[in-house]
Amino acid sequence: MAPALVAPEEPPHVKEVLKNGIDLETNGIKPVQKRQKLYILPEFHPEAVKHTQELFDCVLHTDPEAANWRKSATTILIKDYYITDGDLAAAPQLRVIGKHGVGLDKVDVEACRTRGEKVCNTPGVNAGAVAEMTLALAMSVARSIPSICYRQIANGEVIRKETVQGVLLGGKTIGIVGMGNIGEVVGNMFWGAFGSPIIAYDPYYGTTRPWTYIPHRRVHSLDDLLEVSDVVNVHVPLTPGTTNLISLKEMRKMKRTAILLNTARGGIVDEDDLIQALDENLIYGAGFDSHVQEPPTKTKYECLWNHDRFVGTPHIAAATDETQVATTNAATDGVLHSLSASDS
């Protein structure tokens, strides 16, 4: 019997991420006496840029001066931007890097640590948006929504409903790989919407905080999760230890009716092995918002995209106005916080 659906109280971290960054007064941050210059290297949402300009003397990415950031910048704001050890060596004045989003796979974090540069990313701010996208992919795969729409619109097919098959999500076991902020919100959404039993696993066992407000069972091996889950969700960072974390060997252990979802990073699931698993009907289907190649192209992914039970999107989980503004504001406020703390 599915559990009674009781709306849980929002955990503190969920309440926090709904705010656009840090409340400078209630957090006791002393304003920097002189407005620092901040180099905004890529394009950001206009509303977030306004917030940044209220706090800093900004050099926008459209300003020719932005190309000189390595020579002149003490603070920068980045998104999908590589920062290498060579960049840091060429930027002796750099003190703080504001990173839009949680992922740091494009930033040489160890070099930043060695050279004393602070990196302010924004874990948790996009959790709600990514969780909603995860549910959208799950339902799209379960009911073959994109392929049916394509057949009607592009091919002009008249599809009789009795020829369509799908699977229900209600009451199905949800396996969550990665017990961080996003995994927790995903678990809460599946539990609240579908009454789903939640199984959780984290490869960094012992370093993640426990979930206290979602009914769940924690397992300590990936195999234990894969064998019982109807929907497997990947929510871990891309690291040497998580690259190809799920390959053909792991897919063979999943249910033939299982759906595999990746809204984390391309490369955590072996994409070539996924094609073989779909070809051999080892799993029911898959939905990915993250590919190894980004943005993904038809040239590389035609074989994968041709599967009716695969749904792929170009890393758009956080692509909402609200999330983009909140995430950029949080990174900006993190930079200001770091400067204020170091100057106090």
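Count residues from 1 along the sequence. In this text, all values refer to a predicted model and were calculated from it rather than measured experimentally.
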Sub-3.5 Å donor-acceptor pair from the side chain of K79 to the main-chain atoms of E43, do we have one? yes
Checking the side chain of S338 only, and the main-chain atoms of G334 only, is there a donor and an acceptor separated by less than 3.5 Å? yes
Is the side chain of T242 donor-acceptor paired with the backbone N or O of I268 at a distance under 3.5 Å, no angle test? no
Pair H307, D279: side-chain N/O donor-acceptor within cut-off below 3.5 Å: yes
Short N-O contact, R160 and E162, less than 4.0 angstrom: yes
Once you round to the nearest 0.5 Å, how far does CZ of F56 lie from CG of L339? 5.5 Å
For a side chain to side chain contact (heavy atoms under 4.5 Å, CB included) with L274, tell me which candidate from L282, L248, N262, I283 qualifies. I283
One thing to verify: whether D202 and R218 come together as a salt bridge, which I'm taking to mean a side-chain N less than 4.0 angstrom from a carboxylate O. no
Presence of salt bridge, K253 and D223, under 4.0 angstrom: yes
Has E294 got a side-chain atom pairing as donor or acceptor with P314's backbone, closer than 3.5 angstrom? no
Indicate whether any N or O donor in one side chain lies under 3.5 Å from an N or O acceptor in the other, for T84 and D87. yes
Is there a side chain to side chain donor-acceptor pair (under 3.5 Å) between E184 and N181 once you walk through the steps? CA-CA 5 Å; E184 185 172 13; N181 293 314; over 6 Å; no
With a 4.5 Å cut-off on side-chain heavy atoms, are H51 and F44 touching? no
To the nearest 0.5 angstrom, please state how far the CZ atom of R265 sits from the NZ atom of K106. 7.5 Å
Parallel, tilted or perpendicular: which one describes the rings of Y301 and W305, with boundaries at 30° and 60°? parallel
Would you confirm whether R35, through its side chain, and E54, through its main-chain N or O, come within 3.5 Å as a donor-acceptor pair? yes
Suppose clustering is done on Ile, Leu, Val, Met, Phe, Trp and Tyr with side-chain heavy atoms closer than 4.5 Å. Which residues sit in the same group as Y82? none
Does atom CZ of R143 have more than 12 heavy-atom neighbours, drawn from other residues, nucleotides or ligands, at distances under 6.0 Å? no
Main chain of K172, side chain of S196: is a donor-acceptor contact present, judged purely on distance under 3.5 Å? yes
Measuring from D273:CG to M251:CE, what's the distance to the nearest 0.5 Å? 5.5 Å
With no hydrogens and no angle check, do the side chains of S229 and Y201 hold a donor and an acceptor under 3.5 Å apart? no
So, the side chain of E271 versus the backbone of V292: is there a donor-acceptor pair under 3.5 Å, distance only? yes
Which residues pass the side chain to side chain donor-acceptor pair (under 3.5 Å) test with D272, sequence neighbours left out? none
State the CD1-CD1 distance between I176 and I182, to the nearest 0.5 angstrom. 11.5 Å
Assess whether side chain to side chain donor-acceptor pair (under 3.5 Å) is satisfied between T263 and T134, documenting all intermediate values. CA-CA 7 Å; T263 54; T134 303; 3.1 Å; yes
So, the side chain of D289 versus the backbone of A317: is there a donor-acceptor pair under 3.5 Å, distance only? yes
Do any N or O atoms from the side chain of T75 and from the backbone of K37 form a donor-acceptor pair under 3.5 angstrom? yes
With distance as the sole criterion, is a donor-acceptor pair present between the side chains of T122 and T327 under 3.5 Å? no
Find the distance between CD1 (I83) and CG (L94) and round it off to the nearest 0.5 Å. 7.5 Å
Does some side-chain heavy atom of Y81 sit less than 4.5 Å from a side-chain heavy atom of I76? no
For atom CZ of R115, decide whether the heavy atoms of other residues, nucleotides or ligands shown that lie under 6.0 angstrom number more than 12. yes
Please check this pair: side chain of E250 against backbone of S247, looking for a donor-acceptor N/O pair closer than 3.5 Å. yes
